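A short write-up of the structure that comes next.
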Amino acid sequence: MEEDAQINRDCRAAAGLLLARAFFEAPPDRVAPRLLGKVLASRTGNGWLAGRIVEVEAYLGPHQAPPDPAAHAYRGPTERNRVLFGPAGHAYVYSIYGRYFCMNISCEQPGKAGCVLLRALEPVAGLDQMARNRGLILNARPHELTAGPSRLCQALGLARQSHNGLDLLDPASPLQLWESDLAVDRILITSRIGIRRAAELPLRFAVADNPCLSGPKNLLGRYVALSSL
DNA sequence: CTGTGGATTTGCT
DNA sequence: GCAAATCCACAGG
């Protein structure tokens with residue numbers, strides 16, 4: 001099948017395309033914009049599901065300024081957030097509102113916390129399976145598949161029990177982060193979505209004008225070049 | 001397109 | 001006990 005061939009190529013290339021650990025051993029507000037354009041890939045029983053990261057949010061660790069009371073790590077380690085205080089490049093998946101999941105990537109050196117929340121992807125491989133996972137028709141628009149932090153988890157089949165704590169930089173991992181040669185030029189920076197505390201911090205980063213973004217369309221922000229960050 | 005309300009697990013105040 | 005980094009159905013413009 002045509003799609004299988006594409007997925008196999010992606011799979012074969014995965015080992016050499018994995019991001020480096022050092023990429024994530026930095027403050028999340030530095031990692032977040034540089035993550036745009038990279039590929040999140042999930043291995044399932046039906047092959048790889050993959051999407052380009054087009055929207056993220058940074059959540060700062062308690063050691064960093066300014067204080068970020070919206071971050072799960074704000075009050076220090078707990079049973080839920082312990083992944084955030086471990087090594088960088090691991091998946092922090094938690095359940096929210098009783099029915100959904102959100103996926104983050106841990107940053108900083110072990111002992112320090114901080115993470116990047118994935119808010120939207122642009123589907124790359126396995127679109128039919130994503131539609132099935134989301135309960136949508138096979139020809140659903142890409143935006144319906146993976147625009148939204150819990151939508152993308154549903155599309156890729158991510159859940160806390162199965163994916164929390166996975167190393168995203170291990171070639172044997174079922175959940176990986178791949179490099180991409182697609183350049184991201186202009187980035188939209190806004191406040192973060194869906195939080196009450198520290199709502200004024202400009203820590204949401206999105207690929208400008210990408211059709212797969214989540215959230216209000218008229219959210220104010222500023223456009224910058226990645227090279228200026 | 002915008003706005004409203006409900007579903008319903010989890011972890012901490 | 002209750003608020004939460006959400007999504008969906010539905011109503012109205």
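Note on naming: letters A, B, ... go to the chains in the order of the sequence lines (proteins, then strands), and numbering restarts at 1 for each one. Keep in mind that the numbers below use all heavy atoms, side chains included, and drop hydrogens, waters and symmetry copies. Every value quoted in this text rests on a predicted model; they were computed, and no experiment measured them.
Residue A/Thr78 has a polar side-chain atom (N or O) positioned under 4.0 Å from OP1 or OP2 of B/dC12. Taking 4.0 angstrom as the limit, A/Arg99 places none of its side-chain polar atoms (N or O) nearer than this to OP1 or OP2 of C/dA4. In this model, the phosphate group of C/dT6 is approached by a side-chain N or O of A/Arg119 to a distance below 4.0 Å at OP1 or OP2. Within the 4.0 Å cut-off from OP1 or OP2 of C/dC8, at least one side-chain nitrogen or oxygen of A/Arg151 is found. In terms of phosphate contacts, A/Arg197 brings no side-chain nitrogen or oxygen within less than 4.0 Å of OP1 or OP2 of C/dA4.
A distance-only check finds no donor-acceptor pair linking the side chain of A/Glu25 to the backbone of A/Ala88 [under 3.5 Å]. Panel note: side chain A/Asn81, backbone A/Gly76; a donor-acceptor pair is recorded below 3.5 Å.
Distances from the side chain of A/Asn218 to the nucleotides B/dT2, B/dT10, C/dC7 place B/dT2 closest. Here the nucleotide nearest the side chain of A/Arg80, chosen from B/dC12, B/dT2, C/dT6, is B/dC12. Of the candidate nucleotides C/dA5, C/dC8, B/dT10, C/dA5 has the atom lying nearest to any side-chain atom of A/Tyr59. The A/Ser150 side chain lies nearest to C/dC7 when the options are C/dA5, B/dG11, C/dC7.
Within 4.0 Å of A/Arg204, counting heavy atoms only, lies no atom of the nucleic acid at all. Base engagement by A/Leu117 is indicated by at least one non-hydrogen atom pair under 4.0 Å involving a base atom.
Rounded to whole angstrom, the span from the NE2 atom of A/His72 across to the C1' atom of B/dT10 amounts to 10 Å. Rounded to whole Å, the distance from CD1 on A/Ile96 to C1' on C/dT6 is 6 Å. If you measure from atom OH of A/Tyr94 to atom P of B/dG11, you get 12 Å, rounded to the nearest angstrom. In this structure, A/Arg134 places its CZ atom 8 Å from C1' of C/dC7, rounding to the nearest Å. The interatomic distance linking A/Phe101 (CZ) with B/dT10 (C1') rounds to 11 Å, in whole Å. Atom CG of A/Asn164 and atom C1' of B/dG11 are 14 Å apart (whole Å). Per the geometry, CD1 belonging to A/Ile195 stands 9 Å off P belonging to C/dT6, to the nearest Å. Per the geometry, CG belonging to A/Leu136 stands 13 Å off P belonging to C/dC7, to the nearest Å.
Nucleotide C/dA5 has no partner under the Watson-Crick or G-U criteria, as no pair reaches both atom distances under 3.5 Å.
Using a 4.5 Å cut-off between side-chain heavy atoms of Ile, Leu, Val, Met, Phe, Trp and Tyr, with links allowed through other members, A/Val93 and A/Met130 fall into the same hydrophobic cluster. When the side chains of ILVMFWY residues are joined at heavy-atom separations under 4.5 Å, either directly or via intervening members, A/Met103 and A/Leu117 end up in two distinct hydrophobic clusters.
Partner of A/Phe101 under the side chain to side chain contact (heavy atoms under 4.5 Å, CB included) criterion, chosen from A/Ser162, A/Pro149, A/Ser95, A/Ser150: A/Ser95.
Mapping A/Tyr92 and A/Gln154 onto DNA chain C by nearest heavy atom places A/Tyr92 at the nucleotide closer to the 5' end. Take the nearest nucleotide of DNA chain B for A/Arg75 and for A/Ser95: the residue whose nucleotide is more 5' is A/Ser95.
A donor atom on one side chain and an acceptor atom on the other are found under 3.5 Å apart for A/Arg132 and A/Gln129.
For a distance-only test at 3.5 Å, the side chain of A/Tyr97 fails to qualify as a donor-acceptor partner of the base of B/dA7.
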